[in-house]
Amino acid sequence: MAAAFSPHGGFLRFHGKDLSLLQRLLDPLGVAGLFWLLLGTGHSFQLEGALLPPILWVVLLTAFLLPRSGLYSSFRQLSLWTLARRVTSGWISVLGLLLLLSFLAKVSTNFSRIDTTFWAGLAWLLLLANHVGLRALLRWHRSHGGNQRTIAYWGLPQAALTLQQQLLASPWMGLKLVAWFTPDPVRPDQVSALLPPCAGGLSDMRRWLDRNSVDRICFSHISRDDISFDQLLAFFGDTCVPVIYVPAWSQPSMHFRTDQIGNLHCIDLWGGERSVFDRQLKRLVDLGLTLSGLLLISPLLLAIALAVALSSPGPILFCQDRYGLDGKRFRILKFRTMRVLEAGDTPGLRQATRDDPRVTRVGAFLRRWSLDELPQLFNVLRGEMSLVGPRPHAVDHNEHYRRLIPGYMQRHGFKPGITGLAQVEGWRGETATLSAMADRVDADLRYQREWSLKLDLKILLKTFLRLRSPNAY
């Protein structure tokens with residue numbers, strides 16, 4: 001019997017890996033071709049001191065370094081901005097090594113700086129066109145029904161709906177849900193109209209797969225006495241279709257890296273270790289920038305201290321317990337902005353709100369421009385905080401949200417920061433709803449997964465450009 005849902009996608013489906021190999025070949029040849037057109041005429045490639053002609057160095061370094069940037073892996077579900085960054089970083093590494101080799105071989109003076117710069121920029125645009133441009137064209141093709149992959153799903157109705165919503169929100173992935181199955185009978189009026197009609201249970205899925213073909217089978221585990229996980233594995237392992245496990249319990253904050261302990265396959269859900277070099281590098285940058293900053297702003301600190309002292313009775317500095325690295329408590333320092341001094345573990349501790357009567361006039365100004373956070377530079381010197389990291393919350397707020405947001409305490413895998421990714425993305429100040437705090441936690445955990453010195457510097461720059469915030473009060 002003919003398959004009702006046959007795998008399709010035409011040429012791209014069956015030759016996707018071949019096209020990737022073709023790109024690996026075209027990149028060095030295209031870059032070298034531009035080199036020959038722009039720099040080859042009027043120059044001898046057999047230059048004194050060079051072990052190989054310069055054009056061959058271009059070919060070899062491009063062919064060797066670009067794959068190390070991850071350009072040729074599948075980008076069906078990844079951002080084109082990520083691909084553009086990988087193209088850029090890979091090409092910069094090629095140019096850097098070419099510059100070093102030309103200096104060591106004493107051939108750099110044989111080429112015009114203007115022509116070389118023009119070639120480097122034009123080659124970068126060529127690489128962007130070959131990767132980002134073609135991917136964007138392919139995504140447009142998929143959005144209009146081409147190069148699609150069909151999916152059959154097994155799981156509960158809500159999990160099937162979540163999957164379908166993700167597929168409909170990202171048509172450029174070219175994935176289409178054509179059938180779904182669930183252990184419990186459901187009526188059409190019990191499920192969302194976004195889903196195709198339920199095609200039955202596990203036995204119905206077996207018969208459906210005998211008559212139809214799909215590109216992928218996705219399933220999630222269902223905790224039931226009559227359906228064990230071993231049964232599901234035996235069932236789906238008895239098919240010839242690629243099988244994907246989509247756990248319904250997953251959270252956006254998880255990173256899902258696979259690992260092994262002996263012969264046991266494991267999934268890393270949260271956390272991770274950074275190298276000693278990374279930790280020490282981050283600490284050195286913190287110390288260097290903090291010491292320089294304190295020398296520059298010491299007059300400002302004295303002026304603020306005087307203003308706080310004259311604004312209302314009470315101490316100049318406000319100290320409160322917060323959770324730091326690995327969940328250990330420390331005393332955070334801030335300029336006092338309120339007429340009250342509440343301990344961080346006070347039950348029912350309230351966040352500052354708009355027009356909060358507890359905030360002094362000077363305090364409101366300091367909060368609006370984030371100047372009340374400046375004493376935390378001393379927390380950085382003491383090693384309790386970093387310039388960039390997840391913002392530390394009051395202890396009572398931690399105890400409240402850790403029970404409501406899965407993975408919340410994982411944000412303490414890094415030292416808390418004076419500023420962070422969540423703050424520059426807009427999740428700053430009062431978190432009036434649970435979803436707002438969940439978004440902040442998601443940004444904190446994303447920062448930990450994607451940490452780099454470049455990201456820290458980028459966050460610091462954005463913080464200076466956005467010191468004043470309408471959400472800080």
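Along the sequence shown, residues are numbered consecutively beginning with 1.
- Under 3.5 Å, the side chains of Thr182 and Tyr153 contain no donor-acceptor pair of N or O atoms.
- If you check the side chains of Asp215 and Thr150, you find a donor sitting under 3.5 Å from an acceptor.
- Note: Leu97 CG to Leu60 CG = 11.0 Å, rounded to the nearest 0.5 Å.
- In summary, the side chains of Gln448 and Arg446 do not present any donor paired with an acceptor at a separation below 3.5 Å, with no hydrogens or angles considered.
- The six-membered or imidazole ring of Phe219 lies near that of Tyr245, with a centre-to-centre distance under 6.0 Å.
- The environment of CD1 in Ile114 is sparse: at most 12 heavy-atom neighbours from other residues, nucleotides or ligands sit within 6.0 Å.
- Residue Trp270 places its CH2 atom among more than 12 non-hydrogen atoms of other residues, nucleotides or ligands, all under 6.0 Å distant.
- Put simply, the side chain of Ser170 never gets that close to the backbone of Leu167: no donor and acceptor are under 3.5 Å apart.
- In this structure, CG on Leu127 lies 10.0 Å from CH2 on Trp124, to the nearest 0.5 angstrom.
- In summary, the side chains of Ser312 and Arg336 do present a donor paired with an acceptor at a separation below 3.5 Å, with no hydrogens or angles considered.
- Panel note: side chain Arg322, backbone Pro392; a donor-acceptor pair is recorded below 3.5 Å.
- Not counting sequence neighbours, the partners of His412 by the side-chain contact (heavy atoms from CB on, under 4.5 Å) test are Tyr323, Asn398, Met409.
- Shown here is Arg361, whose CZ atom has no more than 12 heavy atoms of other residues, nucleotides or ligands within 6.0 Å.
- For Gln164 (side chain) and Leu195 (main-chain N/O), no donor-acceptor pair under 3.5 Å exists by modelled atom type.
- Counting heavy atoms from C-beta on, the side chains of Lys415 and Pro390 never come closer than 4.5 Å.
- Taking the side chain as every heavy atom from C-beta outward, His397 and Arg402 never approach each other to under 4.5 Å.
- Within a 6.0 Å radius of CZ in Phe256, more than 12 heavy atoms belonging to other residues, nucleotides or ligands are found.
- Checked by atom type, the side-chain pair Trp451/Asp456 shows a donor-acceptor distance below 3.5 Å.
- The side-chain contact (heavy atoms from CB on, under 4.5 Å) test applied to Ala84 returns Leu128, Val132, not counting sequence neighbours.
- Note: Tyr447 OH to Asp442 CG = 15.5 Å, rounded to the nearest 0.5 Å.
- Between the side chain of Ser311 and the backbone N or O of Val308 there is at least one donor-acceptor pair closer than 3.5 Å.
- The neighbour count for Phe64 CZ, taken as heavy atoms of other residues, nucleotides or ligands under 6.0 Å away, does not exceed 12.
- Here the straight-line distance linking atom CG of Leu387 with atom CG of Leu457 works out to 10.0 Å at 0.5 Å rounding.
- Every pair passing side chain to side chain donor-acceptor pair (under 3.5 Å) that includes a residue from residues 378-388 is listed here, sequence neighbours excluded: Lys282-Ser386, Asp286-Ser386, Asn379-Glu384, Arg382-Glu384.
- Heavy atoms of other residues, nucleotides or ligands lying less than 6.0 angstrom from CH2 of Trp249 number more than 12.
- In this structure, the side chains of Pro416 and Phe330 come closer than 4.5 Å at one or more pairs of heavy atoms.
- The number of heavy-atom neighbours closer than 6.0 Å to CG of Leu296, taken from other residues, nucleotides and ligands shown, is above 12.
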